[in-house]
Amino acid sequence: MILLAGVAAGALNAVGGGGSFVALSALVATGMPPVTANATTTVALLPGNATIAWVYRRELEAFAPPSTLGLTLASVLGGAIGAGLLLVLPSASFDAAVPWLLAFATVVLAFGRRLTRALRLGAPGPAAILAGQFLLSIYGGYFGGAVGLMMLAFWTATTTLDPARGNPLRVIQVAAVYLTATVIFLFAADVLDQPIRLVALLVGAVVGGYAGAHLVRRLPASLLKALVLTTAVAMTALFFVRAAR
């Protein structure tokens with residue numbers, strides 16, 4: 001079950017994000033404590049995200065300013081802080097806010113540019129974009145649920161980057177968040193206490209990510225955007241159902 005969940009999570013992450021929800025749910029269903037499952041999910045999905053990034057390496061499209069390097073540094077630092085918070089803070093209150101954060105992200109992803117034009121908001125400067133990326137990366141290191149969707153929503157509202165064309169950049173930034181979080185979790189959490197589950201999820205995510213990334217490259221931009229939005233809506237609904245239980 002965990003292996004198949006890893007395949008599904010990797011494929012979802014290649015399409016538009018949200019794979020961590022599938023992986024986390026599978027681990028919790030097997031009896032793993034939620035905090036440990038959360039940390040294990042981050043560690044296991046990192047190689048899958050790295051695999052997707054490798055497939056996308058020639059299709060990276062960014063916005064400047066800020067540079068991709070600056071954006072990645074914000075992701076790395078935010079991911080480290082978020083991972084530290086997961087280990088020292090209770091997660092109950094934050095879990096309750098996650099569905100609402102995802103709902104907001106879905107609305108911004110779908111209507112961000114229209115809202116910006118309607119409100120006559122000026123384009124934010126590079127410092128504001130980096131600050132937003134940093135805050136999203138803290139969330140990604142702490143919980144990680146659909147952080148890629150939130151990044152796409154944020155970029156859609158604040159830059160000229162289209163969600164479909166921004167998919168490779170999303171994968172790279174999520175991998176940067178997971179990288180520092182993984183280092184912290186490997187040393188400070190107990191993710192290595194159940195190696196079979198960790199390896200099963202990791203292998204599945206690599207397979208699903210590789211296959212999903214190759215499939216996405218053959219999809220039209222309009223269809224990819226529809227898939228990203230569909231994933232966002234589905235993940236938001238699932239998180240609300242999970243919170244209600």
Side-chain angles (χ1 to χ4, degrees), residues 1-13 17-52 75-102 135-150 173-209 235-236 238-245:
M1 182 183 73
I2 294 175
L3 179 66
L4 293 177
V7 173
L12 271 177
N13 284 340
S20 57
F21 176 82
V22 177
L24 177 65
S25 299
L27 292 176
V28 171
T30 64
M32 185 178 289
V35 172
T36 303
N38 199 6
T40 302
T41 296
T42 298
V43 174
L45 294 186
L46 173 61
N49 275 275
T51 301
I52 300 167
S75 298
V76 168
L77 293 174
I81 293 174
L85 291 176
L86 177 66
L87 299 178
V88 299
L89 296 178
S91 60
S93 59
F94 195 81
D95 286 348
V98 167
W100 300 100
L101 291 171
L102 290 178
L135 292 176
L136 286 174
S137 300
I138 293 176
Y139 163 83
Y142 182 82
F143 183 74
V147 65
L149 293 175
M150 292 186 176
Q173 296 308 314
V174 172
V177 171
Y178 283 0
L179 177 62
T180 47
T182 292
V183 173
I184 292 174
F185 291 151
L186 285 175
F187 287 98
D190 51 358
V191 297
L192 297 179
D193 290 351
Q194 301 188 48
I196 295 179
R197 298 181 187 184
L198 173 63
V199 172
L201 187 62
L202 187 154
V203 171
V206 170
V207 173
M235 290 300 104
T236 300
L238 287 172
F239 269 96
F240 270 109
V241 171
R242 178 172 175 265
R245 292 179 179 176

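With sequence neighbours left out, the side-chain contact (heavy atoms from CB on, under 4.5 Å) criterion links L4 to no other residue. Shown here are the side chain to side chain donor-acceptor pair (under 3.5 Å) partners of T51, two or more places apart in sequence or in another chain: there are none. Checked against side-chain contact (heavy atoms from CB on, under 4.5 Å), L12 has the following partners two or more places apart in sequence or in another chain: V22, T231, M235. S20 pairs by the side-chain contact (heavy atoms from CB on, under 4.5 Å) definition with T41, L45, Y178, not counting sequence neighbours. Among residues two or more places apart in sequence or in another chain, the side-chain contact (heavy atoms from CB on, under 4.5 Å) test is passed with D190 by T36, D193.
The side chain to side chain donor-acceptor pair (under 3.5 Å) contacts involving residues 76-90 comprise nothing, where partners must be two or more places apart or lie in separate chains.
One finds the CZ atom of F240 at 7.0 Å from the OG1 atom of T236 (value rounded to the nearest 0.5 Å). Distance check: L85 CG to I138 CD1 gives 7.0 Å after rounding to the nearest 0.5 Å. Remark: L238 CG to S25 OG distance equals 7.5 Å, nearest 0.5 Å. Note that CG of L86 and CZ of F185 are 4.5 Å apart. Values are rounded to the nearest 0.5 Å. To the nearest 0.5 Å, atoms OG1 (T42) and CG (N49) are separated by 10.0 Å. Distance CD/Q194 to OG1/T30: 7.0 Å, rounded to 0.5 Å.
Nearest heavy-atom pair, A5 versus A26, reported as atom, atom and distance to 0.1 Å: CB-CB, 3.5 Å. Nearest approach of A37 to M32, heavy atoms of both residues: CA-SD, 3.4 Å. Here the closest non-hydrogen pair linking A39 and V191 is CB-CG1, 3.5 Å. Between M1 and A29 the shortest heavy-atom distance is CE-CB, 4.3 Å. Here the shortest heavy-atom pairing between L46 and A175 reads CD1-O, 3.5 Å. Annotation for L201 and A23: closest pair CD1-CB, 3.7 Å, computed over non-hydrogen atoms.
A 4.5 Å side-chain heavy-atom check between N13 and V174 finds every atom pair outside the cut-off.
The main-chain N or O of V177 is never found under 3.5 Å from a side-chain atom of S137 such that the two would form a donor-acceptor pair. Distance alone, capped at 3.5 Å, is enough to place a donor-acceptor pair between the N38 side chain and the Y142 backbone.
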Derivation and outcome, side-chain hydrogen bond (donor to acceptor under 3.5 Å, both in side chains), residues R197 and T40:
CA-CA 9 Å; R197 298 181 187 184; T40 302; over 6 Å; no
